[in-house]
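Working notes for the structure below.
Numbered from 1 within each chain, the chains take letters A, B, ... in sequence-line order. These numbers come from the heavy atoms of this one structure, side chains and all, not from hydrogens, waters or symmetry mates.
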Amino acid sequence: MSAIDFAQIFNQLKDEAIGQAKTAFKDRTREAENDASELLERMKEKLSRWTVLVADGSLTIDDFKFLVNSQKDLITMHALAQAGETAIAVDNLKNGIIDTIVETGTRLIPV
Amino acid sequence: MMKWISKCLRTLVILVTIINIQACATIGQYDQSAYAQTISLKVDALSLIDKATDSYDGHVEAIDMFNLKLDKAYEFEKHRPKNEIGLQMWAILKSPDKHLLGGLIARWKIDGKLGRVFIAEIKPQIAEAFDLIAELESKKIQGNDAGVQSFLSKNR
């Protein structure tokens with residue numbers, strides 16, 4: 001029975017895990033930046049529209065304040081959603097590492 | 001004999017590693033009933049909001065029934081494991097002190113009725129809040145027991 005080369009196994013796993021992590025978090029960062037830009041753009045349009053509606057009397061000042069504050073609450077919810085998606089990305093990464101461990105361990109631990 | 005022992009040892013080492021990693025999930029798993037409940041409440045909420053141009057007193061029963069469903073959903077979310085993020089999102093949505101669904105119902109009660117244009121503008125904001133919750137749920141990972149079982153069946 002050939003000796004188990006744990007250093008080799010560990011180094012392969014480490015390289016694979018680092019590669020997966022870099023890919024996962026580069027994708028997440030790009031997605032989060034895109035989401036934030038789109039969100040701000042949509043909010044700008046809404047604020048502009050509501051300002052016009054207040055000016056023409058279709059909305060009251062209280063309506064306007066409520067709507068503006070609804071955007072603050074939505075920003076918080078978007079931030080929470082982003083945190084949740086990052087947590088999911090971490091778990092996906094862990095699952096990816098599991099697959100790597102299974103594949104590498106099965107291949108390199110002799111029987 | 002030695003080969004069999006080595007195979008068992010390999011399987012055990014890999015399995016223990018997998019189980020330890022799986023136990024460290026950062027966020028809870030996807031729950032179909034939670035997702036369906038969110039969508040159902042969204043539809044009910046938007047339907048109720050349409051009535052806010054009428055007198056609050058004329059819709060008290062419908063409002064109370066809806067609030068009961070909302071409270072039940074929140075209670076369900078409270079007891080899901082690793083659901084802190086989802087729970088915070090629900091809390092913002094339903095809080096009468098915020099400016100989404102709970103805040104709208106509270107304002108409807110105080111003001112008696114709300115403006116048609118205001119309702120048309122706030123509805124998409126509340127819909128967006130529900131969508132954020134539903135979309136986060138839909139992105140969660142399904143349970144990974146299949147992965148462990150697949151490994152076991154290949155290494156018998």
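Hydrophobic clustering of Ile, Leu, Val, Met, Phe, Trp and Tyr side chains at less than 4.5 Å, counting indirect connections, keeps B:Val43 apart from B:Phe66. Following chains of ILVMFWY side-chain contacts shorter than 4.5 Å, one can reach A:Ile61 starting from A:Leu67, so the two form part of one hydrophobic cluster. When the side chains of ILVMFWY residues are joined at heavy-atom separations under 4.5 Å, either directly or via intervening members, B:Ile92 and A:Ile75 end up in a single hydrophobic cluster. Tracing side-chain contacts under 4.5 Å through hydrophobic residues (I, L, V, M, F, W, Y), one never reaches B:Phe76 starting from B:Leu41; they form parts of separate clusters. Linking Ile, Leu, Val, Met, Phe, Trp and Tyr whenever their side-chain heavy atoms come within less than 4.5 Å leaves B:Met65 and B:Ile39 in two separate clusters.
Defined by atom type and a distance below 3.5 Å, a donor-acceptor pair is missing between the side-chain atoms of A:Thr76 and B:Lys98.
Residues A:Ala81 and B:Leu132 approach most closely at CB-CD2, 4.2 Å, considering heavy atoms. Of all heavy-atom pairs between B:Thr26 and A:Ala87, the closest is CG2-CB, 3.7 Å. Annotation for B:Ile85 and A:Ala83: closest pair CD1-C, 3.8 Å, computed over non-hydrogen atoms. Counting all heavy atoms, side chain and backbone alike, A:Glu85 lies closest to B:Lys139 at OE2-NZ, 3.0 Å. Scanning all heavy atoms of the two residues, the minimum distance from A:Leu80 to B:Gln88 falls at CD2-OE1, 3.6 Å.
Heavy-atom distances place no part of A:Leu93 under 4.5 Å from chain B, backbone and side chain included. Interface remark: A:Thr60 contributes side-chain atoms only to the contact with chain B (heavy atom separation under 4.5 Å). Interface remark: A:Lys46 contributes side-chain atoms only to the contact with chain B (heavy atom separation under 4.5 Å).
Listed by chain and number, the residues in a side chain to side chain donor-acceptor pair (under 3.5 Å) with B:Ser55 amount to none (sequence neighbours excluded).
Taken to the nearest 0.5 Å, the NZ atom of A:Lys72 stands 13.0 Å off from the CG atom of B:Leu100. Note: A:Ile88 CD1 to B:Glu137 CD = 8.5 Å, rounded to the nearest 0.5 Å.
Of the listed residues (B:Asp111, B:Leu104, B:Leu114), the greatest number of heavy-atom pairs within a distance under 4.5 Å of chain A belongs to B:Leu104.
When the heavy atoms of residues 28-38 of chain A are compared with those of chain B, none of the residues falls under 4.5 Å. Residues of residues 47-57 of chain A lying within less than 4.5 angstrom of chain B, judged on heavy atoms, are A:Arg49, A:Trp50, A:Leu53 in numerical order. At a heavy-atom cut-off of under 4.5 Å, chain A is reached by B:Val117, B:Phe118, B:Glu121, B:Ile122, B:Gln125, B:Glu128 from residues 115-128 of chain B, listed in order of number.
A donor-acceptor contact shorter than 3.5 Å links the side chain of A:Asp91 to the backbone of B:Ile27.
Around CD of B:Gln32, the count of heavy atoms belonging to other residues, nucleotides or ligands within 6.0 Å exceeds 12.
Under the 4.5 Å side-chain criterion, counting only non-hydrogen atoms from C-beta, A:Leu74 is not in contact with B:His99.
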